[in-house]
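A, B, ... follow the sequence lines: proteins, then strands. Residue 1 opens every chain. From a predicted model like this one, the values you see are computed outputs, not experimental measurements.
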Amino acid sequence: MNRTLSEQELVRREALQKIRDLGIDPYPAERFDVTAFSSDVLANFDSEKGNYQEVSMAGRLMARRIMGKAAFAHLQDMEGRIQIYVSRDEICPGEDKTLYNTLFKKLLDLGDFIGIKGHAFTTRTGETTIHVTELKLLSKSLRPLPVVKSTKEGETYDAFSDPEQRYRMRYVDLTVNPQYREIFKRRSKIVSTMRAFFDRHDWLEVETPVLQPIHGGAAARPFETHHNTLDMPLFLRIANELYLKRLIVGGFDGVYEFGKMFRNEGMDRTHNPEFTSVEIYVAYKDYVWMMEMVEQLLEETTLKVTGGTKVMVGENEIDFKGPYVRMSMYESIEKYTGIDISAMTEEEMRQVCKQLHIEIDDTMGRGKLIDEIFGEKVEDHLIQPTYITDYPIEMTPLAKKHRTAEGLVERFELFVNGKEIANAYSELNDPIDQYERFVDQLELAKRGDEEAMALDMDFVRALEYGMPPTSGLGIGIDRFTMMLTNQTSIQEVIFFPQMRPEKTAEDAEAEAKEE
RNA sequence: GAUCCUGUAGCUCAGCUGGUAGAGCAUAUCACUUUUAAUGAUAGGGUCCUGGGUUCGAGCCCCAGCGGGAUCACCA
C-alpha cells in the first residue's frame, strides 16, 4: 500500500498521531452504550416535559460550525442526524481545555465516530439539539468524505451522485446519502414480511444447493466452476426449482427459499448476474389457488411496507390490492392486436408477425412466435397487476399440461408496470411426461439453443416415486423491490451490484510495463 | 454487441480559437459561547482516466485502449 496520500489524508494521519500523543486511543476497544437514536429524540423531545435529560448517543460527526468557545455540529447515527452543541467550559469544566481546544476543534474531522452524553434542548432557532457534557472519540476516519450540504428547503449542494462511485463505494454512498438507506430498509422489510406470511401458513423455510452438478429449473446460461476434490464441474444455480420439488416428493407439503440465483448473461438496469428470488411450492394446490395466494401476499407486503396498497412507479400509480385482472395469453394478444391466434398454425402466425412488423426468424417455433407477439404488443400495456395465464407448452417444460386446453400448460405470470415479477405453475408431476419434455429440450440444445434445459434424471427418478399435485411460484425480489421503492435501476436496490474491477494506477503501470 | 454522452483538486463542476489549470464546498492558520449551505481573513492542494500521435506548444485536436452512464439489441 504505497499510494500517494492527498493533503487531507496526510492531515488526518497526523491528527491520528497527535491523538495518540495525547494518550487518547483513537480506536478504543470498550463498548459505548447508546440510549437513544437521533430520530427518537427529534420525534419525542418536548422542552416543557424536559425529557431526554440524560442521553447517550453515537455516530459520525458530519458537520461542524465552530464559533470560538462553542460549536454546533451534526451527529449522524443509524436513524438520521441530530444537531449537537458543544461548549468549551461544558466539556472541560476544569483548567485543562485540551479536550475542546485540541481534540474537538483541531484533531477531530468530519466522518469520525464519536460518542456523546448530554441533554436535549431547543435552540433559539427552534432546532432540537443535544447539549453535550461528555464527548469521546470512538473511531478515527482517515479519508475525507464527500461533503453534501443541503438547506432547510431541501436543496442539495455538491451531492455525491456519480453512480459509479456510489456503487463502488456503497459505504460512502450510504453515509453521505442516507436517503438511499431507506431503499434497503424497505427491501429488508419486504423479505421479512413475506417470510412472516409464509411462516404463518406453516410453510417451511429451506435451503437447497447453490452449487449444482446439473443446472436446471430455468432457461439461462450458467456460471461454471470446478470442485477440486471431486474433480468435477459444478454450476452456480440458475434456479432452485428442481430441488424444492424433491422436497415436496419427500413429504414437506409447503417449502420456500429466499436465495441468490446466478445467470451468466447480459447486464443492464434490470439484470444483475446474481439476483434474489423467492420460490415457494405448496402441495395439493394448483395455479388458480396460487393466484389468490399471490394477491394476498403482495397486498399484505405492500401494505405493511408502504402503509398502503398503492405505490407510484414512475408516472403510474399501481394498486396491489387484489384481485388482479386475469387474461389468458391468447386473450391478451387478441385484446391488444385484435387478432385471435389461438387456432392458428405456425405458418399463419408467421403471417401475423409480418403484418405486425415483428422480426422473426426460421428457427422460431410456435411457442416462440407467440412469445414474440406478446412481448412486442402486449407486455407494455400491463400496468396494473395482471395475470397472464396458459402458456404454450413448448416454452414451459416443467409445468403441467392444461386441464382442458390442448397445447397449453397451467402457468401464469404476473405483470406489473409492463414487467414480469412472478411466475407460477401447476407443477408437472407426471414423470413420463416430464422425461419426454426434457428430451424435447435436448433436441433444442442440439439445434444450438444454449438455454435449453439439461436432462436431470435424478429429478425424474424423484417424480417416479410420486409427487403430490403441487403449485409453485417464483418472485423476483429485486424487481419487486424496485417497484415498491420507485427505482428504475436494479443497481439501486442491490447493495453491491456487479461492476468491472476498478483500475488502479498500479494496474495501469503494470500493464504499460508488459507492453 | 451497436450508438451517443462522459472521465479535470477529497466532492460537485468551469476551462473560450491549442499558449503549461480555475470556482464553490472541503482542508490548514487566525478570530468568534445559540449556529445551521454559520461568518470574516489568509494559505496550501492537480498523474487533467491510460498509452501513442500531430504541433514550437495538448486538459482541449487525431488514433487506440480502459472505466461509467443513457438508448437500442440480446436475455427471464
Side-chain angles (χ1 to χ4, degrees), chain A residues 3-12 14-15 62-74 81 83-90 100 105-106 109-111 121-127 129 131 141-169 172 176-177 217-221 238-239 261 263-271 273 275 277 359 371 375 379 395-396 413 419-423 450-451 474 476 478-479 488-489 491 497 499-515:
Chain A
R3 67 192 176 82
T4 314
L5 298 177
S6 71
E7 181 197 26
Q8 293 190 51
E9 288 176 293
L10 288 171
V11 166
R12 285 175 183 234
E14 282 165 20
M62 290 305 283
R64 261 189 314 177
R65 296 176 289 280
I66 294 173
M67 296 159 304
K69 299 181 187 66
F72 285 93
H74 274 97
R81 281 186 191 194
Q83 181 168 261
I84 61 174
Y85 174 74
V86 182
S87 81
R88 187 191 68 181
D89 298 334
E90 200 80 38
Y100 181 80
K105 272 173 71 175
K106 304 265 188 201
D109 291 289
L110 299 184
F121 75 110
T122 303
T123 62
R124 210 154 58 185
T125 51
E127 180 164 350
T129 301
H131 191 127
S141 162
L142 296 182
R143 287 184 187 245
L145 287 168
V147 178
V148 179
K149 296 207 171 188
S150 47
T151 61
K152 286 237 164 61
E153 293 73 40
E155 277 183 281
T156 301
Y157 297 82
D158 299 339
F160 180 63
S161 56
D162 178 358
E164 176 177 3
Q165 299 273 63
R166 287 184 44 232
Y167 303 152
R168 284 195 196 284
M169 295 192 284
V172 173
V176 304
N177 298 322
R221 285 157 62 194
I238 56 174
M261 305 300 151
R263 297 190 182 176
N264 204 344
E265 295 174 340
M267 292 163 55
D268 58 32
R269 67 182 195 290
T270 57
H271 297 82
F275 63 96
S277 79
E359 283 184 33
D371 192 42
E379 232 178 73
M395 302 160 56
T396 315
E413 290 187 313
K419 307 222 163 57
E420 179 231 323
I421 63 165
N423 183 20
E450 285 184 318
E451 297 183 341
D478 309 273
R479 291 187 182 175
T488 54
S489 160
Q491 284 77 21
M499 306 278 282
R500 284 180 199 278
E502 205 172 353
K503 200 170 187 179
T504 64
E506 291 91 87
D507 294 336
E509 209 173 303
E511 269 179 38
K513 276 180 189 162
E514 277 173 27
E515 283 163 16

*With distance as the sole criterion, is a donor-acceptor pair present between the side chains of A:H271 and A:E265 under 3.5 Å?*
no
*Check whether the side chains of A:Q491 and A:S489 place a donor and an acceptor atom closer than 3.5 Å, and report yes or no.*
yes
Report yes or no: is there a donor-acceptor pair, N or O only, under 3.5 Å between the side chain of [X] and the base of [N]?
X      : N     : result
A:R124 : B:U34 : no
A:E164 : B:G68 : no
A:Y85  : B:U35 : no
A:E127 : B:U34 : no

Contact under 4.0 Å: [X] side-chain N or O vs [N] OP1/OP2:
X      : N     : answer
A:K149 : B:G24 : no
A:K105 : B:C32 : no
A:R88  : B:U33 : no
A:R12  : B:G10 : no
A:Q83  : B:U35 : no
A:R65  : B:U39 : no

Write down the distance separating the [atom1] atoms in [N] and [M], rounded off to the nearest Å.
N     : M     : atom1 : answer
B:C48 : B:C61 : C1'   : 16 Å
B:C4  : B:G46 : C1'   : 30 Å
B:U34 : B:U42 : C1'   : 27 Å

*Where do A:Y85 and A:A70 come nearest, in terms of heavy atoms and distance?*
OH-CB, 3.6 Å
_So which atom in A:I238 and which in A:A218 form the shortest heavy-atom distance, rounded to 0.1 Å?_
CD1-O, 3.3 Å
To the side chain of [X], which of [options] is closest?
X      : options             : answer
A:M67  : B:A26, B:U33, B:C13 : B:U33
A:Q8   : B:C30, B:G45, B:A26 : B:A26
A:D162 : B:U12, B:U33, B:A26 : B:U12
A:Y157 : B:G10, B:C32, B:A37 : B:A37
A:F160 : B:U33, B:U12, B:U35 : B:U12
A:D158 : B:G24, B:U34, B:A28 : B:G24
A:T151 : B:A37, B:U35, B:U27 : B:A37

Would you mind pulling out the nucleotide paired to [N], Watson-Crick or G-U wobble, both distances under 3.5 Å?
N     : value
B:U39 : B:A31
B:C25 : B:G10
B:U54 : none
B:C72 : B:G1
B:C16 : none
B:G46 : none

*Measure the spacing between CG of A:L110 and CZ of A:R12 and express it to the nearest 0.5 Å.*
6.5 Å
Look at all strands and tell whether [X] reaches a base, only sugar-phosphate, or nothing, counting heavy atoms closer than 4.0 Å.
X      : result
A:E14  : nothing
A:S150 : sugar-phosphate
A:R221 : nothing
A:E265 : sugar-phosphate
A:L145 : nothing
A:K106 : sugar-phosphate

Return the value, rounded to whole Å, for the distance between atom [atom1] of [X] and atom [atom2] of [N].
X      : N     : atom1 : atom2 : answer
A:E9   : B:C11 : CD    : P     : 10 Å
A:R269 : B:A70 : CZ    : C1'   : 9 Å
A:H74  : B:U34 : NE2   : P     : 17 Å

Do side-chain atoms of [X] reach the backbone of [Y] as a donor and acceptor pair under 3.5 angstrom?
X      : Y      : value
A:R479 : A:T270 : yes
A:Y167 : A:D162 : no
A:N177 : A:F160 : yes

_5′-ward residue of the pair A:A159/A:F121 relative to RNA chain B_ = A:A159
_Position toward the 5' end of RNA chain B (nearest nucleotide), A:A219 or A:L110_ = A:L110
